Amino acid sequence: MKLLGIESSCDDTAAAVSQGVHLLSNVRSSQLGHQAFGGVVPELASRAHDQAITAVVERALSEAGVTLEELDGIAVTLGPGLMGSLLVGLSFAKGLAVQTGYPLIGVDHLDAHKMAAWVGTEDQDIPYPYVALVVSGGHTRLEYISGPSSEDIRLLGETRDDAAGEAFDKIGKMMGLGYPAGPVVDTLAQTGDPNRFSFPQSMLDQPYEFSFSGLKTHLRRFLEDEYGIVSGLEQDELKHRLGDDLPDLAAGVNVAITEVLRKKALDACEHTGARTLVVAGGVSANLLLRDTLATSCNEHDIALHIPPIDLCTDNGGMICRQAYHLVMRGQHDTPLEPYARQWMRDSR
Ligand code: KG4
Ligand code: ZN
């Protein structure tokens with residue numbers, strides 16, 4: 001079965017072509033226009049998707065060596081995400097489905113992130129039950145997944161305020177690292193001393209809940225007291241004031257966020273008895289998180305599954321894989337009317 005998967009929920013326009021559980025292509029166009037604003041500007045995002053989507057889909061098909069006529073279905077992200085951004089991908093996918101007569105398979109963005117770990121793995125080989133740690137720019141949550149259906153997903157806990165990726169981005173912005181700052185903090189941390197600064201690891205007493213806004217406030221005060229950093233300073237000035245301390249600061253922030261994620265994910269496995277941990281979402285690209293989880297899971301005899309780095313952040317490949325999973329379970333065409341009604345309500 002060959003599927004085209006389209007993802008446009010935030011600021012990446014992405015498309016992929018899959019055959020069964022394998023990817024034949026995976027193309028992404030990341031929007032750079034948001035950097036000057038230090039965060040995603042929804043109106044800019046939807047326009048940029050509109051400009052990029054045709055070329056991204058054409059490239060996904062040509063890199064896969066597959067024509068539109070050879071596909072069996074079109075998969076697309078239904079949400080959660082930015083309404084204007086989602087609608088670009090969805091309208092494009094629906095248009096293709098109408099034109100070709102192929103089924104349109106609507107996919108939940110977070111379910112797709114989790115399935116990225118199973119690209120290349122057949123459904124019957126997924127070892128249920130497992131704990132999923134979903135860590136992206138918009139979500140941070142722990143789930144217990146006992147089977148293939150959406151009814152088998154139990155939410156253990158989530159963040160009470162900022163998501164982990166959001167914390168990386170907001171703290172990185174205070175340090176002049178642009179947007180998205182998560183990957184920059186991660187890279188800088190590689191050359192920094194992780195023991196020089198010790199920043200707070202929040203809510204370790206609450207098993208499954210997360211909170212990162214305290215860390216953000218701590219950093220704001222710390223940067224002001226130690227380096228005279230106040231809001232409104234230009235990026236270059238921020239970097240100048242932090243000088244040679246920047247890698248050590250990045251390493252301290254990296255440890256504070258990833259240690260909370262690591263400890264809670266391991267606790268969730270211990271408490272639920274799950275012997276498999278899946279980590280998904282943009283923050284799972286973080287090298288320290290990947291390394292420390294690998295060590296801890298090994299020590300506790302837990303099988304760890306993290307997508308390859310190019311499948312961690314938003315991509316079309318994960319949409320294809322989740323759509324394949326849905327088709328295998330008998331879902332062939334997603335009626336859009338209930339979603340359209342919901343969107344009409346949300347947009348009022
Ligand atoms: O899953 P994703 O692409 O989009 C959402 O669904 O939100 O996640 C994007 C988030 C951003 O906050 C970005 O800073 C973060 O993932 N991120 C990272 C790394 N790569 C991406 N955070 C820490 N370390 C990384 N290497
Ligand atoms: Zn995402």
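Please read these numbers as outputs of a predicted model, since none were measured by experiment. Remember, it's 1-based here, ligands and their atoms both numbered in the order they're listed. Heads up: numbering here begins at 1 and tracks the sequence.
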Under 2.8 Å from the Zn ion (ligand 2), the protein N, O or S atoms, given as residue and atom: H109 NE2, H113 NE2, D314 OD1

So, N286 and N254: side-chain donor and acceptor under 3.5 Å apart, yes or no? yes

In a check of side-chain hydrogen bond (donor to acceptor under 3.5 Å, both in side chains) between E237 and each of R241, K239, Q235, which one passes? R241

Are a donor atom and an acceptor atom from the side chains of H325 and Q322 found within less than 3.5 Å of each other? no

Cationic N near anionic O, under 4.0 Å, R220 to E224: no

For W118 and Y324, run ring-ring contact (aromatic ring centres under 6.0 Å, His included): C-alpha distance rounded to whole Å, both residues' side-chain angles, the deciding distance at 0.1 Å, then the answer. CA-CA 11 Å; W118 309 118; Y324 178 79; over 10 Å; no

Would you say the side chains of Y208 and H271 form a donor-acceptor pair under 3.5 Å? yes

Do the charged groups of D111 and R321 touch, with an N to O distance under 4.0 Å? no

Just by distance, no angles: are the side chains of E209 and S211 close enough, under 3.5 Å, to form a donor-acceptor pair? no

For ligand 1, list all ligand N or O to protein N or O distances below 3.5 Å, rounded to 0.1 Å.
unit_1   : atom_1 : unit_2 : atom_2 : d
ligand 1 : 1 (O)  : H113   : NE2    : 3.0
ligand 1 : 1 (O)  : G282   : N      : 3.0
ligand 1 : 1 (O)  : D314   : OD1    : 3.1
ligand 1 : 3 (O)  : D314   : N      : 2.9
ligand 1 : 3 (O)  : D314   : OD1    : 3.2
ligand 1 : 4 (O)  : D314   : OD1    : 3.2
ligand 1 : 4 (O)  : D314   : OD2    : 3.2
ligand 1 : 6 (O)  : H109   : NE2    : 3.1
ligand 1 : 6 (O)  : D314   : OD1    : 3.3
ligand 1 : 7 (O)  : G137   : N      : 2.8
ligand 1 : 7 (O)  : G138   : N      : 3.3
ligand 1 : 8 (O)  : G137   : N      : 3.4
ligand 1 : 12 (O) : G165   : O      : 3.2
ligand 1 : 12 (O) : D169   : OD2    : 2.7
ligand 1 : 14 (O) : D169   : OD1    : 2.7
ligand 1 : 14 (O) : G182   : N      : 3.3
ligand 1 : 20 (N) : G282   : O      : 3.4
ligand 1 : 24 (N) : G182   : O      : 3.4
ligand 1 : 24 (N) : N286   : ND2    : 3.1
ligand 1 : 26 (N) : D186   : OD2    : 2.9

Establish, from distance only, whether the side-chain atoms of E299 and S296 form a donor-acceptor pair under 3.5 Å. no

